[in-house]
There are 2 protein chains.
Amino acid sequence: MGAVAALVRSTFLVNAVYADSARDHGLTAQQGQLLCVLMAQPYGMSELGAMLGLAKSSLTGLVDRTERNGLVERRPDPQDSRAVRVALTRRGGVLAEEFYAETCRRVGELAAGLAAAEQETLAGLLGRVVLDNKVPAVFLEPDEGAAGGRGR
Amino acid sequence: MGAVAALVRSTFLVNAVYADSARDHGLTAQQGQLLCVLMAQPYGMSELGAMLGLAKSSLTGLVDRTERNGLVERRPDPQDSRAVRVALTRRGGVLAEEFYAETCRRVGELAAGLAAAEQETLAGLLGRVVLDNKVPAVFLEPDEGAAGGRGR
DNA sequence: GCCCGGTAGTTCGCGAGACGAACTAGCCGC
DNA sequence: GCGGCTAGTTCGTCTCGCGAACTACCGGGC
């Protein structure tokens, strides 16, 4: 199988696993992704739109629905009264951790057929693709979680 | 970067590229995927649902919209008058080829930073993940196109 | 023959998601 | 203190995905 087909098919696979995991936590894939991004730190609407690749009107809707479920909240930005910081609520934080951990587990299982060394090779190559293409931090490293921007 | 994070982030990346390429061809990602599946051969609604992981009512809608755009058509199944074979129209076939080729090109570019040997290694490892997890043929090999798609 | 359980698809109603265009409100340079 | 820019929201429209209820047809058993 060529690299292109392998990439596209593995994408299909991970999409399905991600959506399933979200569903099992009462989330949609998009809401799960939003929670994962916010695990690191709060963000403004425009920042989120840029990271997730969404139009700002799409973001308004996504945050609306997630807020309605009590998982995130809009906080006024102290520096700029037009702006808003979207942050996890307590409940959202707990759910994000659970969803994140379970999703990691399930995605990890996909690669269970690979030996440890092979997984490392895969991670290295795929990691370079990700970095080369400047993918935003839509899914953190297990060890760059929680305190996120402030280090840890 | 760990294998899990690399997989999830590369998935995000490929999703975006796929959706962009579809959009540039006047398609949604789902319609593009449908066309790619049908490049190999026609399928029944239930088969498509199983391959794409969709409920049958979702398939009806997707095929409806794609048919309305003149890209696929429903043909009666000669063996079973309940059933239907979904096939590309002439226009759909042409568009599918274009979309497929362009998407391959763009996804290939994502891995352009890797040397040829590295791309092969990546393809091998990712290919095993795909095969281990029995991902359906949602995106063909360049050389298993047209008549070739059956077996496997 | 005919009935009956299973299968192939469709319809319907609903909510999520994505977009662009038009809008409000607040920032800031000059 | 005005004019242009930026942050977000609202609105209308479409796609997508689902489950439940439905129709139409296949087949096996008697």
Side-chain angles (χ1 to χ4, degrees), chain A residues 12 15-35 37 42-87 138, chain B residues 12 15-35 37 42-87 138:
Chain A
F12 184 82
N15 275 337
V17 168
Y18 199 97
D20 268 9
S21 178
R23 173 173 253 225
D24 290 348
H25 289 84
L27 296 166
T28 63
Q30 289 77 2
Q31 290 179 14
Q33 199 165 41
L34 178 61
L35 295 194
V37 168
Y43 287 100
M45 298 292 282
S46 305
E47 287 175 301
L48 287 173
M51 291 181 73
L52 298 175
L54 296 176
K56 49 190 186 168
S57 59
S58 309
L59 242 296
T60 298
L62 179 57
V63 172
D64 279 353
R65 289 183 294 271
T66 314
E67 190 170 34
R68 196 192 314 144
N69 295 342
L71 302 178
V72 302
E73 58 187 0
R74 287 171 163 97
R75 296 179 185 158
D77 184 319
Q79 264 76 57
D80 184 340
S81 75
R82 293 169 301 179
V84 124
R85 319 259 9 143
V86 182
V138 287
Chain B
F12 184 83
N15 275 337
V17 168
Y18 199 97
D20 268 9
S21 178
R23 172 171 253 224
D24 290 349
H25 289 83
L27 296 167
T28 63
Q30 288 77 6
Q31 290 179 14
Q33 200 164 40
L34 178 61
L35 296 194
V37 168
Y43 286 100
M45 298 293 283
S46 304
E47 287 175 299
L48 287 174
M51 290 181 74
L52 298 176
L54 296 176
K56 49 189 186 171
S57 60
S58 309
L59 242 296
T60 298
L62 180 57
V63 172
D64 279 353
R65 289 183 294 271
T66 314
E67 190 170 34
R68 196 190 314 143
N69 295 343
L71 304 177
V72 303
E73 58 188 0
R74 286 170 164 97
R75 296 179 186 158
D77 184 320
Q79 264 76 57
D80 184 341
S81 75
R82 293 169 300 179
V84 124
R85 320 261 5 146
V86 183
V138 286

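Fair warning: this is a prediction, and the values are worked out from it, not measured in the lab. Computed from heavy atoms alone, side chains included, the values below leave out hydrogens, waters and symmetry copies.
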Does [X] have a side-chain nitrogen or oxygen under 4.0 Å from the phosphate oxygens OP1 or OP2 of [N]?
{"X": "B:Arg65", "N": "D:dC16", "result": "yes"}
{"X": "A:Ser81", "N": "C:dC27", "result": "yes"}
{"X": "B:Gln79", "N": "D:dC26", "result": "no"}
{"X": "B:Arg74", "N": "C:dT10", "result": "yes"}
{"X": "A:Ser57", "N": "D:dT10", "result": "no"}
{"X": "B:Ser58", "N": "D:dG17", "result": "no"}

Quickly work out the [X] [atom1] to [N] [atom2] distance and round it to whole Å.
{"X": "A:Leu27", "N": "C:dG15", "atom1": "CG", "atom2": "P", "result": "18 Å"}
{"X": "B:Leu34", "N": "D:dT15", "atom1": "CG", "atom2": "C1'", "result": "14 Å"}
{"X": "A:Lys56", "N": "D:dC11", "atom1": "NZ", "atom2": "C1'", "result": "14 Å"}
{"X": "B:Leu52", "N": "D:dC18", "atom1": "CG", "atom2": "P", "result": "11 Å"}
{"X": "A:Leu48", "N": "C:dG17", "atom1": "CG", "atom2": "C1'", "result": "16 Å"}
{"X": "B:Tyr43", "N": "C:dA8", "atom1": "OH", "atom2": "P", "result": "16 Å"}
{"X": "B:Asp77", "N": "C:dA8", "atom1": "CG", "atom2": "C1'", "result": "10 Å"}
{"X": "A:Leu59", "N": "D:dT9", "atom1": "CG", "atom2": "C1'", "result": "12 Å"}

(request) Have a look at B:Thr60 and say if it touches a base, only the backbone sugar-phosphate, or nothing, with a 4.0 Å heavy-atom cut-off. (result)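 Answer is base: heavy atoms of B:Thr60 come under 4.0 Å of a base.
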(request) Give one of base, sugar-phosphate or nothing for A:Leu62, where a contact means two heavy atoms less than 4.0 Å apart. (result)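 Since only primed, P, OP1 and OP2 atoms lie under 4.0 Å of A:Leu62, the category is sugar-phosphate.
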(request) Hey, which sits more toward the 5' end of DNA chain D by its nearest nucleotide, B:Ala55 or A:Asp80? (result)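 That would be A:Asp80.
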(request) Ignoring the backbone of B:Arg82, work out which of D:dC25, D:dC16, C:dA25 is nearest its side chain. (result)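 Among the listed nucleotides, the one closest to the side chain of B:Arg82 is D:dC25.
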(message) I want to verify a distance call: between C:dC27, C:dT10, C:dA18, whose nearest atom is closest to the A:Leu54 side chain?
(response)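 When the side chain of A:Leu54 is considered, C:dA18 is the closest of C:dC27, C:dT10, C:dA18.
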(message) Need to verify one output field. Residue with the more 5' nearest nucleotide on DNA chain C, A:Arg68 or B:Arg23?
(response)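 Its nearest nucleotide being more 5', the pick is A:Arg68.
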(request) Assign each of B:Gly61 and A:Gln31 to its nearest nucleotide of DNA chain C by heavy atoms, then name whichever residue's nucleotide is nearer the 5' end. (result)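 Looking at DNA chain C, the more 5' nearest nucleotide goes with B:Gly61.
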I need the minimum non-hydrogen distance between [X] and [Y], along with the two atoms involved.
{"X": "A:Arg74", "Y": "A:Thr60", "answer": "NH2-O, 3.6 Å"}
{"X": "B:Gln33", "Y": "A:Phe12", "answer": "NE2-CD1, 3.0 Å"}
{"X": "B:Leu48", "Y": "B:Leu59", "answer": "CB-CD1, 3.8 Å"}
{"X": "B:Glu67", "Y": "B:Val72", "answer": "CG-O, 3.4 Å"}

(request) Report the residue from A:Leu54, A:Thr28, A:Val63, A:Leu27 that forms a side chain to side chain contact (heavy atoms under 4.5 Å, CB included) with A:Leu34. (result)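 When side chain to side chain contact (heavy atoms under 4.5 Å, CB included) is applied between A:Leu34 and each of A:Leu54, A:Thr28, A:Val63, A:Leu27, only A:Val63 qualifies.
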(request) Flag the pair A:Glu47 and A:Arg85 as a salt bridge only when some basic side-chain nitrogen lies within less than 4.0 angstrom of an acidic carboxylate oxygen. (result)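 Looking at A:Arg85 together with A:Glu47, the answer is yes, because their closest N to O distance falls below 4.0 Å.
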